[in-house]
Amino acid sequence: MANIGKDIRLAKEFLQKGQLVGIPTETVYGLAGNALDESAVLSIFEVKNRPSFDPLIVHTDSVEKLSGLVSDIPDAAYLLTQKFWPGPLTLLLPKKTSVPDLVTSGLDTVAVRIPDHPLTLELLRSLDFPLAAPSANPFGYISPTNPQHVDQQLGEKIPYILNGGECGIGIESTIIGFVEGIPTIYRLGGLAIEEIESVVGEVILMAHSSSNPQAPGMLKSHYAPKKPFYLTERSRFPIHEDGFGYLLFDQYIDGVDEKYQRILSPGGNLKEAAHNLFAFLRELDAQTLSQIWAEPVPAIDLGRAINDRLKRAAAED
Ligand code: TXA
Ligand code: MG
């Protein structure tokens, strides 16, 4: 098991030695290493068991520091940084050669963001390098939203987890790239499209693909529990009292023991639902259940990102 604590100096020491540290962000916990140190980056891929074609997000603490990593910031991107950073938004920008190709899987763009968590911002400010950090889960499994989630799965492989409590947002950042200058959503996430469009006008939503080398972040099967997982309207659920678990938006289903059910938000609040999503999925996955059934949530605001995660968890490839 890893040490879990709030010691920023200790986290910094491990990172300076090329080791990896679990870090809190407002979205999910990250598995962080020195983004400019190839051997640290390589160990991120190893610890996560992540294929090398799936590039990493680089975290920094100021827009000024970005100039060491990217060669251009389009006006629309700059506007977004001013409005939403620190926050759950990742931008794909043309990379400088200082960023190792390993980080970007050979792409000529690098994913960058300033996360909104006081401990991690303080850590980043104290470092003279940025942090590459994917979500701190084994590749393909549910992202971690508290330090115990990280410890349960990666605790044997990393020395330290910085304890920032539960992640407020609970779902990964929204990823935006600029295709011929037009803001394009590569991954739905913790910043709603509606908010982004209020700043830069209409955006394009890139279609999901499990095999599109242009969009390696869009592997379909992802965020998946170990148990068979199905997504459909509740009217189509099979009811099987002992053995099936249910992940529901705002209301229990009648006739099933409540211990087999999780309600994402009793008041129907999509922010609360996003916050609970991954922790509840893990809880159901840990129970002695043979299948998990989930219903989609309303497809507005964060509901679109929640439905995206549910769809990917249910996808077969
Ligand atoms: O909220 C988040 O974004 C969290 C926290 C820790 O910051 N991080 C996160 O990282 O979700 P990860 O590695 O689990 O997901 C990053 C996604 C991947 O699917 C990757 O393929 C995509 O970003 N990505 C990274 N660089 C890219 C690039 N240059 N072009 C397209 N997609 C990219
Ligand atoms: Mg991930």
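Ligands are counted one by one from 1 in listed order, and the atoms in each one are counted from 1 as well.
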Checklist entry - Looking at the rings of F237 and Y246, which for Trp means the six-membered one, are their centres under 6.0 Å apart? => result yes
Checklist entry - Does even one non-hydrogen atom of H59 get within less than 4.0 Å of ligand 1? => result yes
Checklist entry - Ignoring hydrogens and geometry, is there a side-chain-to-backbone donor-acceptor pair from T25 to V28 under 3.5 Å? => result yes
Next on the checklist: With a 4.0 Å cut-off on N to O distance, would you call K259 and E283 a salt bridge?
Outcome noted: no
Checklist entry - Got an N/O contact under 3.5 Å between D54 and ligand 1? => result yes
Item to check | Option with minimal heavy-atom separation from atom 11 (O) of ligand 1, where the choices are K48, R187, M206 | outcome: R187
Item to check | Side-chain heavy atoms of F278 within contact of E172, under 4.5 Å | outcome: yes
Item to check | Heteroatom distance test (Y29, ligand 1): nitrogen or oxygen, under 3.5 angstrom | outcome: no
Next on the checklist: Give the atom numbers and elements of ligand 1 that come within less than 4.0 Å of a heavy atom of S173.
Outcome noted: 1 (O), 2 (C), 3 (O)
Checklist entry - Which is it for D285 and Y141 under the side-chain hydrogen bond (donor to acceptor under 3.5 Å, both in side chains) test, yes or no, and what are the steps along the way? => result CA-CA 11 Å; D285 208 22; Y141 194 63; 2.8 Å; yes
Checklist entry - What atoms in ligand 1 come closer than 4.0 Å to a heavy atom of A111? => result 25 (C), 26 (N)
Checklist entry - Considering only heavy atoms of L107, which atoms of ligand 1 have at least one such atom less than 4.0 Å away? => result 28 (C), 29 (N), 30 (N)
Item to check | Salt bridge K271-D301, side-chain N to carboxylate O under 4.0 Å | outcome: no
Item to check | Salt bridge D308-R312, side-chain N to carboxylate O under 4.0 Å | outcome: yes
Checklist entry - Is the closest N or O pair between E172 and ligand 1 shorter than 3.5 Å? => result no
Checklist outcome for this item: Closest non-hydrogen contact found for I300 with L270 is O-CD1, 3.3 Å
Checklist entry - Short list, please: which atoms of ligand 1 are under 4.0 Å from a heavy atom of V28? => result 4 (C), 6 (C)
Item to check | Atom indices of ligand 1, in the order listed, that fall short of 4.0 Å to a heavy atom of I57 | outcome: 3 (O), 8 (N), 9 (C), 10 (O), 16 (C)
Checklist entry - Any N/O/S atom of S135 sitting less than 2.8 Å from the Mg ion (ligand 2), backbone or side chain? => result yes
Checklist entry - Any N or O of R50 that comes nearer than 3.5 Å to an N or O of ligand 1? => result yes
Checklist entry - For ligand 1, is there an atom lying under 4.0 Å from some heavy atom of I175? => result yes
Checklist entry - Short list, please: which atoms of ligand 1 are under 4.0 Å from a heavy atom of T27? => result 1 (O), 2 (C), 4 (C), 5 (C)
Item to check | Y230 ring center within less than 6.0 Å of W293 ring center | outcome: yes
